[in-house]
*Asks:* 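Mind looking over this structure? Questions follow.
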Amino acid sequence: MDDRVRRYLEQQVTLGGAEVILPGRPSQEPSRGAVPAEPEAPPLAPTASAREAEPPGGKAKGGADWRTGAPPIPGPGLVVDPPAQDLLTPRGKDYPDLAAIAKAVAACKACFLAEGRTNTVPGEGNPEARLLLVGEGPGQTEDQTGRPFVGRAGELLNDILKAIGFAREEVFICNVVKCRPPQNRKPLPDEMSTCIPFLEAQIDLVRPKVILALGATAAEALLKVRRSLSELRTKVHSYRGVPLVVTYHPAALLRNPNWKKPTWDDVRIARQLVDR
Ligand code: URA
Ligand code: URA
């Protein structure tokens with residue numbers, strides 16, 4: 001690709017335009033939450049504004065904290081109310097605490113994903129967290145350990161949390177599906193809908209101040225729409241009365257560093273909502 005075209009496209013992304021997939025080496029192994037079939041972006045020199053933005057993984061300049069240059073809280077987006085039929089569905093309301101959900105998850109054989117799992121990965125963290133994060137589903141390391149976001153994407157997530165002043169233990173981290181899909185493929189619609197009562201029950205019990213959806217799968221599952229990530233970002237959606245912000249999946253950031261700046265903006269919006 002012509003260098004000028006590439007630079008122009010990068011700039012559009014940095015300025016908040018739609019995602020573009022720049023041609024590059026095909027990736028070896030799909031990683032959880034990244035867009036599997038897409039070619040991996042080559043390492044790119046950071047643009048000037050990407051350098052200013054820093055965190056996701058980097059260091060803020062001159063000891064500046066997350067408030068420096070944080071974007072204003074955007075306007076409202078989609079609203080998801082509990083569907084009327086939910087009131088008749090006992091499952092989400094049936095658990096006294098998070099441990100009871102984890103136990104039910106461990107015993108669950110309701111979908112195909114149960115067959116291939118080593119461990120279930122119910123989620124973990126502070127039962128009174130103000131911030132609840134939702135990923136797509138366990139990857140290999142998560143399947144082996146039974147813990148969410150402990151692989152490379154998890155390390156980046158820890159750094160991102162730290163940059164907005166949260167220790168991992170302070171928040172609650174979970175996924176749409178609690179068992180690893182084969183080859184880290186995106187969970188199928190029936191797998192997501194079978195598993196989502198567990199997530200809904202977790203959200204009901206934790207009652208966070210803010211939900212952060214990591215990547216398009218989590219956003220789709222919670223907001224019940226299929227839209228591109230760029231359409232869902234930079235709005236404050238409402239999920240059963242809880243403000244919900246959508247950002248890129250950390251695994252996607254590992255593949256495309258151009259998404260780090262918009263992610264840094266998104267998480268600073270979420271951080272402000274926690275304080276509001
Ligand atoms: N990616 C996810 O979506 N969830 C995890 O727990 C780990 C990686
Ligand atoms: N598309 C996704 O599904 N997730 C991301 O994080 C970015 C693009």
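The model shown is predicted, which means the values in this text are computed figures rather than measured ones. Counting starts at 1 for both ligands and their atoms, following the listed order.
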*Asks:* Looking only at heavy atoms of Gly137, does any of them come nearer than 4.0 Å to an atom of ligand 1?
*Replies:*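 A heavy atom of Gly137 does come that close to ligand 1.
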
*Asks:* Verify the cluster assignment for Leu229 and Tyr239: are they in a single hydrophobic cluster under the rule of side-chain heavy atoms below 4.5 Å apart?
*Replies:*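 Hydrophobic grouping puts Leu229 with Tyr239.
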
*Asks:* Looking at Gly135, which atoms of ligand 1 are within less than 4.0 Å of one of its heavy atoms?
*Replies:*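 It comes down to these atoms of ligand 1: 3 (O).
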
*Asks:* Heavy-atom contact under 4.0 Å between His249 and ligand 1?
*Replies:*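 His249 counts as a contact of ligand 1 under the 4.0 Å cut-off.
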
*Asks:* Apply salt bridge (charged side-chain N to carboxylate O under 4.0 Å, His left out) to the pair Asp159 and Lys162, showing each step before the final yes or no.
*Replies:* CA-CA 5 Å; Asp159 288 344; Lys162 204 159 145 200; 5.6 Å; no

*Asks:* Looking at Phe149, which atoms of ligand 1 are within less than 4.0 Å of one of its heavy atoms?
*Replies:*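 Answer for ligand 1: 1 (N), 2 (C), 3 (O), 4 (N), 5 (C), 6 (O), 7 (C), 8 (C).
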
*Asks:* Between ligand 1 and Gly139, is the shortest N or O to N or O distance under 3.5 Å?
*Replies:*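 No.
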
*Asks:* Please identify which atoms of ligand 1 are closer than 4.0 Å to at least one heavy atom of Pro148.
*Replies:*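 Near Pro148, the atoms of ligand 1 are 6 (O).
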
*Asks:* Salt-bridged, Glu200 to Arg240, with N to O below 4.0 Å?
*Replies:*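 Yes, charged N to carboxylate O under 4.0 Å.
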
*Asks:* Show me the pairs that pass salt bridge (Lys or Arg N to Asp or Glu O under 4.0 Å) and involve residues 114-127, at least two apart or across chains.
*Replies:*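 Of all non-adjacent pairs touching residues 114-127, those that pass salt bridge (Lys or Arg N to Asp or Glu O under 4.0 Å) are Glu124-Arg147, Glu124-Arg168.
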
*Asks:* Report the part of Glu136 in contact with ligand 1, treating N, CA, C, O as backbone and CB onward as side chain, heavy atoms under 4.0 Å; options are side chain, backbone, both, neither.
*Replies:*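 Looking at Glu136 and ligand 1, atoms from backbone and side chain both fall under 4.0 Å.
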
*Asks:* Inspect the surroundings of CD in Glu128 and state if more than 12 heavy atoms from other residues, nucleotides or ligands are less than 6.0 Å away.
*Replies:*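 No, not enclosed.
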
*Asks:* Using distance alone, with no hydrogens and no angle criterion, decide if Thr217 and Glu220 have a side-chain donor and acceptor under 3.5 Å apart.
*Replies:*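 Result is no, nothing qualifies.
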
